[in-house]
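What follows is a single structure, written as structure tokens, with notes after it.
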Amino acid sequence: MSKAPSFLSIGHRGARGHEPENTLLAIDTGIGLGADMIEFDVQRCGEQLVVLHDPRLERTTNGAGRVSEVSFDYLRGLDAGKGQQIPTLSEVLALVAGRVCLNIELKSADGTAAAVAAVLRDALNDGWQTEQLLVSSFHLPELYEFKQLAPEIPIAVLVCGVPLDWAACATELGAQALNISAEFADPTLVRDAHARGLKVHAYTVNHPSEIAAMRALGLDGVFSDYPERVLAAR
Ligand code: G3P
Ligand code: MG
């Protein structure tokens with residue numbers, strides 16, 4: 001069996017440096033570039049789970065409005081760039097089909113955890129392995145709910161800043177990883193997380209010298225819009 005890479009290349013929103021973010025095209029491109037893991041953002045639109053970063057549609061599509069307030073049919077009629085539709089979580093799972101690991105970031109709350117847990121339970125029945133999945137969120141109560149519903153699926157706590165009690169929140173939630181902002185990659189935070197047995201990944205790192213700096217700090221991987229640059233650094 002091949003050894004897991006020591007410095008993970010995580011394609012950010014697929015590979016948003018190359019293709020429209022969070023689309024099937026960007027995700028497939030990230031896989032083609034050799035990413036070990038692909039990150040994408042998930043939120044609820046009615047009863048559906050869609051792959052989109054912003055709470056509004058204007059920045060990344062030709063539509064307008066809040067994702068939580070438009071219909072799924074309207075959202076699916078939009079162009080997310082290069083003629084791509086906004087994908088659903090199930091479509092991403094079908095496209096990737098176990099070729100790489102996935103980091104599914106919960107963007108919305110209020111039922112997102114439950115809906116994602118239900119879809120991932122089906123994915124596990126379809127052959128996905130728990131170690132191929134990592135569910136993360138900045139919204140820690142939503143992440144906590146996910147952990148209660150699907151305790152077998154690894155989770156990562158997202159932080160943007162340096163918490164007063166360092167990586168304690170990740171231990172408290174039973175997380176496997178702490179995903180930090182590269183801006184706040186404090187050596188004490190990284191040390192504390194490692195001492196707790198957590199993996200540490202930083203977002204979003206695109207410049208080769210920054211990727212090298214994160215590696216020198218002992219991180220276990222970085223999210224990059226250009227996942228091939230992370231491969232070049234190891
Ligand atoms: O999950 C890492 C990173 O994607 C978190 O920030 O805003 O790009 O979703 P954001
Ligand atoms: Mg994200």
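We count ligands from 1, going down the list as the structure has it; atoms in each ligand are counted the same way.
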Check: Q132 side chain, Q129 main-chain N or O, donor-acceptor pair, under 3.5 Å: yes
Ionic contact status for R13 with E105, cut-off 4.0 Å: no
Test item: Q43 side-chain N/O and V50 main-chain N/O as donor-acceptor pair under 3.5 Å: no
NZ/NE/NH1/NH2 to OD/OE distance under 4.0 Å, R59 and E21: yes
Donor + acceptor pair across side chains of N206, D225 (<3.5 Å): yes
salt_bridge(E142, R44) N-O dist < 4.0 Å: no
Nearest-0.5 Å distance, CD1 of residue I155 to OG of residue S137: 9.5 Å
Close-range residues for ligand 1, whose non-hydrogen atoms fall below the 4.0 Å threshold: H12, R13, E39, D41, H53, E105, K107, F138, L158, Y203, F223
Listed protein N/O/S atoms, distance to the Mg ion (ligand 2) under 2.8 Å: E39 OE2, D41 OD1, E105 OE1
Under 3.5 Å: donor-acceptor pair, side chain of E19, backbone of G17: no
Within 45° cone and under 6.0 Å: R234 NZ/CZ vs F7 ring: no
